[in-house]
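Values below: all heavy atoms of this structure, side chains included; hydrogens, waters and symmetry mates excluded. When a residue number appears, it is its place in the shown sequence, counting from 1. In listed order, ligands and their atoms are each counted from 1.
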Amino acid sequence: MVGRKFFGALFSIALAGLIQGTQSQDVASKDCATGVHAIISRGQGAGDDLNVMEALSDKILDQIPGSTTLGFPFDHDAEDKFTAVHSGALMLQNYVEKYVKGCPKSKMALIGYSLGAVLTMEAVCGTSSLLLIPVPPLDPSYNTTVIANVVYGDETFVPFQPWNTGNCTVGAGIFPRLNPSTCEPFESSLHSYCDYGDNQCCSPLPMDDNHAHHTYMKKYDQDVVDFIKERLRS
Ligand SMILES: *[C@@H]1O[C@H](CO)[C@@H](O)[C@H](O)[C@H]1NC(C)=O
Ligand SMILES: *[C@@H]1O[C@H](CO)[C@@H](O)[C@H](O)[C@H]1NC(C)=O
């Protein structure tokens, strides 16, 4: 009996957490973005939900009037990055679905860096990398609402895709996406930045201590804002 009560209590706590998580994108219609609503997923590590992506969030808010941004509260501090990606991707899909329900006229941008890049690509395209825990793709009907999907240093990167945007042309990520065609419904919104010298998305090319994995923000944040602006106009 005690055992059952204990598990019952654990279950209620888990459920409460789930409900709270899923409701956090319930937005009052007066708060719906008239610019873009950007959900930004950071890399692995402790601390706040925007971390090195704060500058990009600020640029979006400054340069695209009527915008809102959210540092995506996935489990970025988890030791197990596979479950962090899996649960984060499912949660991101849920956030998109909830936000579109509450704000059907708003446009969205999904942005991710490093571990956040992996979960963002998983949420949009679904899983086709060995080792990653399977997630289904986002329903293609969201491709009129989600007008930008931008990632930096994605470990599921594969060469020769129309959305590849950095200077890495022939390397691949450490969990290469075996079937990138599942991303195609979102092709016009996708930009995947991967540079030579980033061991995580562009292995095995020049080893320079993964330096390029840390320079995307400075190098490309403004391009990302310009891309979102262009996508909002089209
Ligand atoms: C959305 O996806 C559908 C199905 O793949 C495709 O026909 C359509 O062109 C896409 N729309 C946009 C805006 O990319
Ligand atoms: C690619 O970008 C990285 C990071 O900015 C830079 O270090 C490298 O020199 C660039 N490589 C080429 C071939 O342009």
Side-chain angles (χ1 to χ4, degrees), residues 33 35-39 43 52-53 55-56 59 64 89 92-93 96-97 99-101 103-114 116-117 120-128 135-155 157-174 177 179-234:
V36 75
H37 178 60
I39 303 184
V52 294
M53 300 303 275
L56 179 53
K59 273 188 160 52
I64 308 177
L92 182 55
Q93 292 174 338
V96 170
E97 287 155 17
Y99 189 82
V100 171
K101 261 203 191 105
C103 302
K105 291 190 182 138
S106 296
K107 300 297 180 191
M108 302 184 76
L110 307 180
I111 299 170
Y113 169 51
S114 197
T120 299
M121 291 299 284
E122 290 288 282
V124 172
C125 309
T127 307
S128 64
V135 182
L138 188 63
D139 192 291
S141 62
Y142 289 102
N143 71 3
T144 53
T145 308
V146 178
I147 52 92
N149 290 292
V150 180
V151 292
Y152 289 157
D154 168 30
E155 291 177 340
F157 182 88
V158 277
F160 317 120
Q161 302 309 308
W163 46 81
N164 290 353
T165 318
N167 71 23
C168 172
T169 45
V170 294
I174 57 181
R177 183 170 294 287
N179 180 12
S181 70
T182 60
C183 308
E184 279 167 9
F186 293 90
E187 178 174 332
S188 50
S189 65
L190 263 170
H191 271 183
S192 177
Y193 289 88
C194 176
D195 281 337
Y196 281 122
D198 180 335
N199 305 348
Q200 286 167 258
C201 66
C202 190
S203 58
L205 284 148
M207 293 296 176
D208 69 344
D209 289 329
N210 209 19
H211 177 73
H213 193 67
H214 305 284
T215 52
Y216 296 108
M217 283 59 72
K218 221 175 154 143
K219 204 171 162 188
Y220 298 121
D221 276 0
Q222 187 57 49
D223 292 356
V224 173
V225 180
D226 293 342
F227 176 60
I228 296 171
K229 285 185 194 161
E230 180 198 310
R231 294 285 300 149
L232 285 170
R233 279 194 299 267
S234 65

Atom 11 (N) of ligand 2 [closest protein heavy-atom partner, distance rounded to 0.1 Å]: N167 ND2, 2.9 Å
Mode of H211 contact toward ligand 2 - side chain, backbone, both, neither (heavy atoms, under 4.0 Å): neither
Residue from T144, D139, T145, N143 passing side chain to side chain donor-acceptor pair (under 3.5 Å) with S141: D139
Atom indices of ligand 1, in the order listed, that fall short of 4.0 Å to a heavy atom of S188: 14 (O)
Full working for disulfide bond (SG atoms under 2.5 Å apart) between C125 and C183: CA-CA 5 Å; C125 309; C183 308; 2.3 Å; yes
Whether H37 and Y99 hold their rings parallel, tilted or perpendicular, with breakpoints at 30° and 60°: parallel
Sub-3.5 Å N/O-N/O distance, K219 and ligand 2: yes
Distance flag, aromatic centroids of H211 and Y196, threshold under 6.0 Å: no
Under-4.0 Å heavy-atom contact between protein and atom 2 (O) of ligand 1: yes
Ion pair K219/D195, N-O distance below 4.0 Å: yes
Protein contact of atom 9 (O) of ligand 1 - nearest heavy atom, named by residue and atom, plus distance: N143 ND2, 4.9 Å
Numbering as shown, the atoms of ligand 2 that approach Y196 to under 4.0 Å (heavy-atom distance): 3 (C), 13 (C)
Parallel, tilted or perpendicular: rings of Y193 and Y220 (30°, 60°): tilted
Per-atom contact, atom 5 (O) of ligand 1, protein heavy atoms, under 4.0 angstrom: yes
